[in-house]
Amino acid sequence: MLEIYNTLTHKKEEFKPIEAKKVRMYVCGMTVYDYCHIGHARVMIAFDVIYRYLLHKGFHVTYARNITDIDDKIIQRAIENNEDFHDLTQRFIDAMHADEESLGLLRPSMEPRATDNIPAILKMIQTLIDKEYAYQGENGDVYYDVSKFKGYGKLSRRKLEDLRQGAGDRIAIDTAKHDPLDFVLWKPAKEGEPSWDSPWGAGRPGWHIECSAMSTELFGATFDIHGGGKDLQFPHHENEIAQSEACTGQHFANYWIHNGFIRVDNEKMSKSLNNFFTIREVLKKYRGEEIRYFMLTSQYRSPLNYSEEQLKSASKALARLYVALRGLPEAEAIEKTNYAFRFHSAMHDDFNTPEALAALFDLSRKTNKIHQQQDKEAAASHGALLKQLGAILGILQHDPEQWLQGNASEEGLSADVIEALIQKRLDAKANKNWMEADKIRDDLSQQGISLEDKGTETIWRRD
RNA sequence: GGCUGAGUGGCAGAGGGGUCAUGCAGCGGUUUGCAAAACCGUCUACCUCGGUUCGACUCCGGGCUCAGCCUCCA
């Protein structure tokens, strides 16, 4: 039984899709005005693993992750760069896709963009106005009237009074709004800003409406899973619920999944704190799979501290799994083991990847042991299971030898040079010239190459 | 101030009322010409004060500390 922690109910609940064997999952993606940072990588990877696991369970999953390609920051950045906002967003969408590929992500089934869905957005705003959940202020902005929606605050567990109190000292009172908590659905364009025609004047959509409109358009009024970062819980997801449920009169998403943050020095990594590392920056020193492994070492809802030390540790731990796979022939995975059982039990428990990884390490130890006992066939079938389970997490799919002989920077001695030195050392060893042999090994070690003697051959890897 | 969530060994990070997490690092051993890798063994734990219990790090309550949201944010 697959259990998922549902933010809406604050409980782990058995996952029951609306339609048997079908899952519709919508995740809030990126606003594309800059490179993605490691915090974004967390969402990408968290939901990639959820997606993979659901697929593995035999669900037909439609996974939509939107792209916000119009908003204030995009407009501002485009002005700063003196470029068309389309060019700007396309550049960062391409960069995002490249980053995703490095991290080994499966592409979502669809990536709806706000600017491609203006008609659906206009339709929803119109319905909200018709149903009197929205109004146009004197400044031309169209607002959602929060007081009209009964369930406002149900996701983030907030009361309107508390919110108003908090809003009082923080938000400059906007006289065009009936209530400081009302939020923008449509914003008139200023001179020279990108805009679309609408019954309320040329303008652009507010941030929250695009997700409501696109998810409802793609999936219907009610769908299975809605996800995103923890910080989107309020106000973004709260507002989505208000918009969608007011519009359709039906329950919106059944399961709300929110991932925890990446932290730096015990603080949330974010643009405004300027304490972020971009994915591509980190990829210069660590491979995508190492970053992915690092993310998997904590449960997706927990905060995760980013540090060089932890990435190094992750890199070594991952290498350990690859070492277990090394030198094993292709084989059918062994079935009905405690390892697989434990792995799946962990994943069934709200995608507990650290526990699932623990099972993989125990399995790798077993594999090594059998391998050492010269039972290559049994070792191979255990290794095949390791690889199979790894695939569910998106790891261990590289050729082990190639993985261990590579690194992120692809710098250092070439394989040819290394092989030649190894041969030279083997000759020295054959002549029992230990001084010479050890010198070659030490020199290579200085350059980050480790040698391992296996019987008559010597294999190598980069540290 | 309101609302969430968290405090585990040197570091990271699971877990469950009473026997092992796991990884990295350390230490001892097997193996090796010596190493490395692997395997075996091993040392460091459960913020604090009460309560429930035969027994709590695990459940309940108070306190302390930290993080997040309440403003754009994955």
Side-chain angles (χ1 to χ4, degrees), chain A residues 7 10 27-31 36-47 65 71-73 153 156-159 161-167 169-172 181 207 227-236 238 258-263 266-273 276 293-294 296-299 301-305 307 309-321 323-324 326 342 346 349 352-362 364-369 371-373 404 429 432-435 437-438 441-442 445 450-455 458-461 463:
Chain A
T7 313
H10 285 226
V27 173
C28 290
M30 263 51 78
T31 301
C36 292
H37 58 63
I38 285 294
H40 297 122
R42 180 113 196 248
V43 205
M44 291 172 172
I45 291 167
F47 286 96
R65 192 188 55 204
D71 92 321
D72 290 358
K73 273 176 292 201
S156 52
R157 312 231 151 169
R158 279 157 220 242
K159 298 191 193 92
E161 310 89 80
D162 295 343
L163 285 168
R164 286 197 187 104
Q165 211 162 23
D169 20 291
R170 287 165 181 273
I171 304 169
L181 297 179
W207 175 37
K230 223 183 177 94
D231 48 357
L232 298 185
Q233 229 172 94
F234 188 90
H236 185 55
E238 198 69 60
H258 292 100
N259 67 276
F261 300 125
I262 297 288
R263 294 183 189 167
N266 225 26
E267 256 189 331
K268 177 185 173 184
M269 179 184 286
S270 75
K271 288 273 166 81
S272 43
L273 290 168
F276 63 92
Y293 176 91
F294 165 65
L296 298 177
T297 59
S298 88
Q299 208 270 350
R301 282 186 288 126
S302 308
L304 176 60
N305 219 57
S307 80
E309 192 192 351
Q310 290 315 313
L311 272 166
K312 278 196 187 113
S313 164
S315 164
K316 286 189 174 174
L318 184 58
R320 180 177 169 77
L321 295 175
V323 165
R326 191 163 56 171
R342 200 172 142 211
D349 181 16
N352 189 340
T353 51
E355 178 66 24
L357 286 175
L360 296 192
F361 282 103
D362 286 343
S364 74
R365 182 176 303 112
K366 177 78 171 175
T367 307
N368 285 331
K369 222 186 286 192
H371 201 170
Q372 226 159 42
Q373 287 159 2
L404 293 166
K429 275 180 62 168
K432 297 204 190 296
N433 186 351
W434 309 125
M435 291 268 283
D438 289 355
R441 188 175 62 200
D442 292 346
S445 171
S450 306
L451 301 188
E452 296 172 28
D453 291 334
K454 295 249 169 174
T458 295
I459 55 178
W460 63 276
R461 53 189 276 206
D463 299 331

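Just so it is clear, the structure is predicted and the values come from calculations on it, not from any experiment.
Taking atom P on both B:U58 and B:C49, the two are 12 Å apart, rounded to the nearest angstrom. B:G23 sits 36 Å from B:U65 when the P atoms are compared, rounded to a whole Å. Nucleotides B:A14 and B:C59, compared at atom P, are 16 Å apart to the nearest Å. Comparing B:U52 with B:U42, their P atoms are spaced 37 Å from each other, to the whole Å. Distance check on atom P: B:U44 versus B:G9 gives 13 Å, rounded to whole Å. Rounded to whole Å, the separation between the P atoms of B:G13 and B:U8 comes to 9 Å.
Residue contacts shown for A:L360 are absent, as no nucleic acid heavy atom lies under 4.0 Å away. Using a 4.0 Å heavy-atom distance criterion, A:M44 is classed as making no nucleic acid contact. Residue A:R441 is classed as a base contact, given a heavy-atom separation below 4.0 Å to a base. Nucleic acid contact for A:G260: base, since at least one base atom lies under 4.0 Å from a heavy atom of the residue. When heavy atoms are screened at a 4.0 angstrom cut-off, A:D438 is found touching base atoms of the nucleic acid. At a threshold of 4.0 angstrom between heavy atoms, the contacts of A:G39 include nucleobase atoms, whether or not backbone atoms are also involved. Looking at heavy-atom distances under 4.0 Å, A:S302 makes contact with sugar-phosphate atoms alone, never a base. The residue A:N259 sits close to a base: some heavy atom pair falls under 4.0 Å. Backbone-only contact: A:H10 has heavy atoms under 4.0 Å from sugar-phosphate atoms and none from a base. Looking at heavy-atom distances under 4.0 Å, A:A358 makes contact with a base. Nucleic acid contact class of A:D72 (heavy atoms, under 4.0 Å, all strands): none.
For A:K312, no side-chain nitrogen or oxygen approaches OP1 or OP2 of B:A12 to under 4.0 Å. The side chain of A:S156 places no N or O atom within less than 4.0 Å of a non-bridging phosphate oxygen (OP1 or OP2) of B:G68. Within the 4.0 Å cut-off from OP1 or OP2 of B:A38, at least one side-chain nitrogen or oxygen of A:R320 is found.
Within the shown strands, B:C66 is the pairing partner of B:G5 under the Watson-Crick or G-U definition, both distances less than 3.5 Å. Partner assigned to B:A38 is B:U30, using Watson-Crick or G-U wobble distances below 3.5 angstrom. The partner of B:U71 is absent, by the rule that a Watson-Crick or G-U pair needs both atom distances under 3.5 Å. Partner assigned to B:G18 is B:C54, using Watson-Crick or G-U wobble distances below 3.5 angstrom. Under the Watson-Crick or G-U wobble criterion, with both distances below 3.5 Å, B:A45 has no partner in any strand shown.
Atom CD in A:E452 sits about 12 Å away from atom C1' in B:U32, given to the nearest Å. Protein atom CH2 of A:W207 is 3 Å distant from nucleotide atom P of B:C73, rounded to whole Å. Rounded to an integer number of Å, the gap from A:D453 CG to B:U31 C1' is 12 Å. Atom CG of A:L232 is separated from atom C1' of B:G68 by 13 Å (rounded to the nearest Å). At whole-Å resolution of the value, CZ in A:R158 and C1' in B:U4 are 8 Å apart. We find that NZ of A:K366 is positioned 16 Å from C1' of B:C20, with the value rounded to whole Å. Spacing between atom CZ of A:R342 and atom P of B:G16 amounts to 13 Å, rounded to whole angstrom units. Counting to the nearest Å, the C1' atom of B:A38 and the CD atom of A:Q372 are 5 Å from each other.
Nucleotides of RNA chain B nearest to A:K73 and A:T297 differ in position, and the one nearer the 5' end is that of A:T297. Residue whose closest nucleotide on RNA chain B sits further toward the 5' end, between A:S364 and A:N266: A:S364.
Nearest to the side-chain atoms of A:D231 among the listed nucleotides B:A38, B:C72, B:A74 stands B:A74. Out of B:A14, B:A21, B:A38, the shortest distance to the side chain of A:Q299 is found at B:A14. The listed nucleotides are B:A21, B:G33, B:G13; the one nearest the side chain of A:K429 is B:G33. In this structure, of B:A36, B:A67, B:C73, it is B:A36 that holds the atom nearest to the side chain of A:S450. Here the nucleotide nearest the side chain of A:S313, chosen from B:C24, B:C40, B:A74, is B:C24. The nucleotide whose nearest atom lies closest to any side-chain atom of A:R326 is, among B:C70, B:A74, B:A37, B:A37. For A:D162, counting side-chain heavy atoms from C-beta on, the closest listed nucleotide (B:C73, B:G15, B:G2) is B:G2. Closest to the A:K316 side chain, of the nucleotides B:C66, B:C11, B:C24, is B:C24.
Side chain A:K268 to base B:C73: a donor-acceptor pair is found below 3.5 Å.
A:F361 places a side-chain heavy atom less than 4.5 Å from the side chain of A:L321. Considering only heavy atoms from C-beta on, A:V43 stays 4.5 Å or farther from A:R65 through its side chain.
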Discussion item. Walk me through whether A:N266 and A:R263 qualify under side chain to side chain donor-acceptor pair (under 3.5 Å).
Written reply: CA-CA 5 Å; A:N266 225 26; A:R263 294 183 189 167; 2.9 Å; yes
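By the 5.5 angstrom centroid cut-off and the 30-degree plane limit, A:F261 is classified as not stacked against the base of B:A74.
There is a side-chain donor-acceptor pair under 3.5 Å between A:R42 and A:S298.
The aromatic rings of A:H236 and A:W207 sit parallel to each other, their planes meeting at less than 30°, with 60° as the upper class boundary.
Remark: A:K159 NZ is loosely packed, at most 12 non-hydrogen atoms of other residues, nucleotides or ligands lying under 6.0 Å away.
The distance from the CD atom of A:Q233 to the CD atom of A:E238 is 8.5 Å, given to the nearest 0.5 Å.
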